[in-house]
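Computed over heavy atoms, backbone and side chain alike; hydrogens, waters and symmetry mates excluded.
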Amino acid sequence: AIVEKLLKVAKKSDEGLYWGGDEAVPVPLPGPAERPAAPGIAPMPPLPRPRPGQSASIETTAYATLALLESGDQLSAQQSARWLVSKRNSFGGFGSTQDTVVGLQALTRFASNSRTDVDATVVLRAGNWQKELPVNPGNADVLQLVDVPLGSPLTAEARGKGQVVLQGVRRYNVPEAGEGRMPIFQLDVQYSAAEIEVNDLITITARITFNPPEPMEAGMTVLDVAVPTGFAPETPSIDNLVQQQGGKIKRYDVAGRKVIFYIENMQPGDRLQFAFQARALFPVKAQAVTSQAYSYYKPEWKGEVLAGAMVVR
């Protein structure tokens with residue numbers, strides 16, 4: 001009865017079944033489509049930007065898929081798993097940490113249930129080049145990566161039985177940023193005092209600006225704010241900060257002398273400010289420490305700053 005109710009509220013699209021808000025349709029962003037292509041290669045299409053709420057739909061659909069698998073409804077689970085696969089990014093994940101964890105859990109469970117029914121071969125062709133990829137119960141859970149030569153259209157043919165997933169990813173290099181260009185994540189960390197006494201509080205303020213090389217979202221951003229030696233973060237002030245941000249901070253962790261914030265979906269040009277308190281525990285001459293910010297899915301997008309020299313009497 002519960003599964004019947006679940007299927008009644010499901011939504012259908014060409015990709016399969018899903019739950020949650022309206023299906024997120026990629027919205028083109030300007031810029032990349034204008035990049036000239038190499039001879040014989042089609043122009044780079046606009047980068048997709050999912051509408052707000054897609055992460056929630058992915059997470060909800062993943063939980064529904066797990067419920068369908070638990071109930072034994074393999075056919076319906078197959079349709080929702082197909083929808084999840086259609087929403088993956090070029091790294092195999094989704095838009096945030098939470099929906100990626102639950103989405104991959106659902107897809108892994110589905111693959112485990114159906115791997116014995118797979119005995120297929122995927123044939124790739126591009127000009128005179130050809131590659132055959134066998135998929136069987138022995139390697140159904142193994143990711144097979146193939147570099148395809150440029151210059152010719154790519155065709156794919158599947159033979160045999162079962163379901164397999166084929167994903168095409170095109171990557172390209174852009175010229176290295178010249179001197180004087182702002183870092184992708186511009187970070188500034190300030191401490192409210194340079195000399196205090198034991199048990200005093202300081203306010204640590206971090207400001208982060210997102211300057212992507214192309215007009216695209218940052219996905220999940222990790223902001224790692226260092227706390228000076230001899231200080232401990234005041235957790236109530238961090239909880240208050242999270243509430244003030246109204247859901248912009250997905251979660252935070254206190255790891256030793258670091259406070260790590262997970263920020264969801266920064267847009268190009270976004271400027272955010274976070275402030276919390278730390279308490280001096282013992283006398284110390286603390287040296288400056290490094291704070292950093294980076295994209296969870298593109299760690300080469302990062303910025304860092306050195307700050308925090310402090311004297312505690």
Side-chain angles (χ1 to χ4, degrees), residues 1-27 47-122 133 135-145 156-169 217 219-220 247 250-251 262 264-265 296-297:
I2 295 177
V3 173
E4 291 178 359
K5 292 180 180 179
L6 184 64
L7 292 175
K8 283 183 179 180
V9 297
K11 300 179 181 180
K12 294 184 179 180
S13 71
D14 292 340
E15 289 81 15
L17 295 177
Y18 69 98
W19 287 260
D22 291 336
E23 182 185 358
V25 179
V27 179
L47 292 170
R49 180 180 65 186
R51 290 175 183 166
Q54 180 172 1
S55 289
S57 295
I58 289 169
E59 187 175 349
T60 304
T61 301
Y63 281 123
T65 303
L66 290 169
L68 291 170
L69 290 169
E70 186 68 25
S71 70
D73 190 347
Q74 188 75 12
L75 181 60
S76 298
Q78 173 183 312
Q79 297 180 61
S80 58
R82 188 175 65 187
W83 185 90
L84 287 172
V85 168
S86 72
K87 304 306 172 189
R88 297 191 310 173
N89 59 33
S90 60
F91 295 97
F94 300 96
S96 71
T97 303
Q98 181 65 19
D99 60 14
T100 295
V101 169
V102 183
L104 293 182
Q105 181 182 357
L107 291 176
T108 301
R109 175 74 181 278
F110 174 76
S112 299
N113 284 15
S114 59
R115 62 187 297 177
T116 56
D117 299 326
V118 178
D119 185 10
T121 300
V122 178
L133 304 174
V135 183
N136 50 54
N139 69 353
D141 56 353
V142 176
L143 175 65
Q144 301 186 55
L145 295 176
E157 176 188 356
R159 305 169 182 166
K161 66 173 184 176
Q163 287 200 7
V164 297
V165 175
L166 175 66
Q167 181 173 12
V169 177
E217 294 179 344
M220 182 66 70
K250 190 72 173 179
R251 57 171 286 187
Y262 297 87
E264 192 166 23
N265 291 334
Y296 186 88
Y297 296 105

Side chain to side chain contact (heavy atoms under 4.5 Å, CB included) between L17 and K12, worked out: CA-CA 5 Å; L17 295 177; K12 294 184 179 180; 3.4 Å; yes

V165: side-chain contact (heavy atoms from CB on, under 4.5 Å) partners, not counting sequence neighbours: V85, R88

Heavy-atom pair of closest approach, residues A62 and A106: O-CB, 3.5 Å

L66 vs Q105 side-chain heavy atoms within contact, under 4.5 Å: yes

Results of side-chain contact (heavy atoms from CB on, under 4.5 Å) for T108 - residues two or more places apart only: S112

Gap between atom CG of L166 and atom CG of L133 - 0.5 Å precision: 8.5 Å

Heavy-atom side-chain proximity of Q144 to V135 below 4.5 angstrom: yes

For E59, salt bridge (charged side-chain N to carboxylate O under 4.0 Å, His left out) partners two or more places apart: none

Any donor-acceptor N/O pair, N136 side chain to N139 backbone, under 3.5 Å: yes

Which atom of A64 lies closest to which atom of W19, heavy atoms considered: CB-CE3, 3.6 Å

Qualifying residues under salt bridge (charged side-chain N to carboxylate O under 4.0 Å, His left out), relative to R109, sequence neighbours excluded: E70

Test item: D119 side-chain N/O and K161 main-chain N/O as donor-acceptor pair under 3.5 Å: no

side-chain hydrogen bond (donor to acceptor under 3.5 Å, both in side chains) partners for N265, two or more places apart: none

Residues that E4 engages under salt bridge (charged side-chain N to carboxylate O under 4.0 Å, His left out), provided they are two or more places apart: none

Any donor-acceptor pair under 3.5 Å from T100 side chain to G93 backbone: no

Under the side-chain hydrogen bond (donor to acceptor under 3.5 Å, both in side chains) test, residues paired with S80 that sit two or more places apart: T65

Residues forming a side-chain contact (heavy atoms from CB on, under 4.5 Å) with D117, sequence neighbours excluded: none

Under 3.5 Å: donor-acceptor pair, side chain of K11, backbone of G20: yes

Value rounded to 0.5 Å, distance of CD in E264 from OH in Y296: 13.0 Å

Nearest-0.5 Å distance, CE of residue M220 to CZ of residue F94: 14.0 Å

side-chain contact (heavy atoms from CB on, under 4.5 Å) partners for R251, two or more places apart: D253, Y262

L84 side chain near Y18 side chain, heavy-atom distance below 4.5 Å: no

Under 3.5 Å donor-acceptor, S71 side chain and L68 backbone: yes

Expected output: side-chain W83 to main-chain D14 donor-acceptor under 3.5 Å: no

Between CD on residue Q78 and CG on residue L69, distance to nearest 0.5 Å: 10.5 Å

Pairwise distance CG(D73) to CG(L6) - rounded to 0.5 angstrom: 9.0 Å

